Amino acid sequence: MRAMPLAIALFCLPSLAHAGAWTLDKGDAQVITSTIISSATKSFDANSDPTQDVTFRKTFTSVYTEYGWNDWLTLIAVPEYADATSWAPGRTTIEHAKDFAFSGGARLRLLNDAGVLSAQVMARSAGAFELDTSFDEKPGEELEVRALYGTHFELFGREGCFDAEIAQRWTTGGRPNETPLDLTLLYDIGWKTQAVVQSFNVISQGSGRPPFDHYRYHKLALAAVRPVWGDTSLEVGGFLSPAGQNALEEKGIFLAIWTKF
């Protein structure tokens with residue numbers, strides 16, 4: 001009975017979000033290498049209307065690495081690289097930025113009875129960015145504390161899992177602190193394939209220093225995951241931003257390779 005929750009948990013580690021609530025077994029490791037290509041031609045204004053013309057293109061690559069220190073503590077390391085171009089009204093030139101960042105931390109499993117409840121702490125250096133809220137400044141360092149809950153279920157004779165996460169994110173630089181909320185639903189659709197539906201939401205806690213105003217952004221993602229060889233699986237999907245405030249109306253595609261050791 002122990003193998004089934006672990007197998008389901010491995011498919012609750014989406015490439016666009018932080019890992020799910022589950023921890024790895026002692027000595028196990030997992031690497032998720034993902035690339036996101038996104039763009040935007042509009043941004044949401046202060047009234048949440050997509051009225052502002054912009055030019056935005058971004059390629060974001062990360063290597064999400066986990067290691068099971070023991071059965072209830074998983075260590076995490078994430079190098080990231082971003083290449084982005086942007087333009088907005090009032091600017092005379094198109095900005096081009098390339099940068100690197102590194103995140104590190106750990107996830108601690110607290111309960112493992114009615115689902116899995118975990119706590120996660122991550123620190124992130126300034127550099128490569130996933131921000132949708134400013135074209136004029138790099139984000140500063142981040143410290144994040146996250147609560148995660150995950151459970152697996154059976155529906156119509158097939159397995160699935162649900163993961164919910166909420167976090168407090170403290171930042172340096174001009175950006176305000178943030179509250180992220182991520183939701184993931186995964187379901188086995190047959191043919192060795194899992195469908196993944198995700199919702200990513202970030203709300204700033206007030207405004208930061210100019211040019212950072214109060215912002216929020218919401219993304220919906222749909223993906224499919226399928227094993228390709230051995231302990232390696234391939235994830236392909238896309239996302240869009242259905243709503244936001246002082247944020248990009250961003251859309252994109254992503255690809256991830258998951259390998260378990």
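Worth saying up front: this structure is predicted, and the values here are computed from it rather than measured.
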Just jot down the side chain to side chain contact (heavy atoms under 4.5 Å, CB included) partners of [X], sequence neighbours excluded, or say none.
X: Ala106; result: Leu73, Leu75
X: Val31; result: Thr33, Val63, Thr65, Phe261
X: Gln205; result: Gln168, Asn177, Thr179
X: Pro180; result: Glu144, Arg146, Ala167, Arg169, Val202

Donor-acceptor contact present, side-chain [X] to main-chain [Y], <3.5 Å:
X: Ser103; Y: Arg124; result: no
X: Asn47; Y: Asp49; result: no
X: Asp71; Y: Lys26; result: yes
X: Gln245; Y: Ala46; result: yes
X: Ser43; Y: Leu248; result: no

Side-chain heavy-atom pair [X], [Y] within 4.5 angstrom cut-off:
X: Lys219; Y: Lys251; answer: no
X: Phe153; Y: Leu185; answer: yes
X: Phe60; Y: Ile37; answer: no
X: Ser48; Y: Arg216; answer: yes
X: Leu24; Y: Gln30; answer: yes
X: Leu108; Y: Trp72; answer: yes
X: His218; Y: Phe200; answer: no
X: Ser207; Y: Pro176; answer: no

Between Phe239 and Ser38, does the side-chain contact (heavy atoms from CB on, under 4.5 Å) criterion hold? Intermediate values first, please.
CA-CA 9 Å; Phe239 73 93; Ser38 64; 3.7 Å; yes
With no hydrogens and no angle check, do the side chains of [X] and [Y] hold a donor and an acceptor under 3.5 Å apart?
X: Thr172; Y: Glu141; result: yes
X: Arg226; Y: Thr193; result: yes
X: Ser199; Y: Asn201; result: yes
X: Asp83; Y: Thr59; result: no
X: His214; Y: Ser204; result: yes
X: Glu159; Y: Tyr187; result: no

What's the shortest heavy-atom distance between Tyr215 and Asn246, and which atoms?
CB-O, 3.6 Å
Give, for atom CH2 of Trp22 and atom CG of Asn112, the distance between the pair rounded to the nearest 0.5 Å.
10.0 Å
Sequence neighbours excluded, the answer for salt bridge (Lys or Arg N to Asp or Glu O under 4.0 Å) partners of Lys42 is Asp53
Closer than 4.0 angstrom, basic N to acidic O: yes or no for Lys260 and Asp28?
yes
Begin from the C-alpha positions of Leu255 and Leu234 and carry the test side-chain contact (heavy atoms from CB on, under 4.5 Å) through to its verdict.
CA-CA 7 Å; Leu255 182 146; Leu234 177 68; 3.9 Å; yes
Output all residues satisfying side chain to side chain donor-acceptor pair (under 3.5 Å) with Asp45, sequence neighbours left out; order by chain, then residue number.
Thr51
Mind running side-chain contact (heavy atoms from CB on, under 4.5 Å) on Val196 and Val225 for me, showing each step along the way?
CA-CA 8 Å; Val196 187; Val225 182; 3.9 Å; yes
On the 0 to 90° scale, with breaks at 30° and 60°, tag the Trp69-Tyr67 ring pair as parallel, tilted or perpendicular.
perpendicular
For Phe100 and Glu80, run side-chain contact (heavy atoms from CB on, under 4.5 Å): C-alpha distance rounded to whole Å, both residues' side-chain angles, the deciding distance at 0.1 Å, then the answer.
CA-CA 6 Å; Phe100 175 84; Glu80 306 168 337; 6.0 Å; no
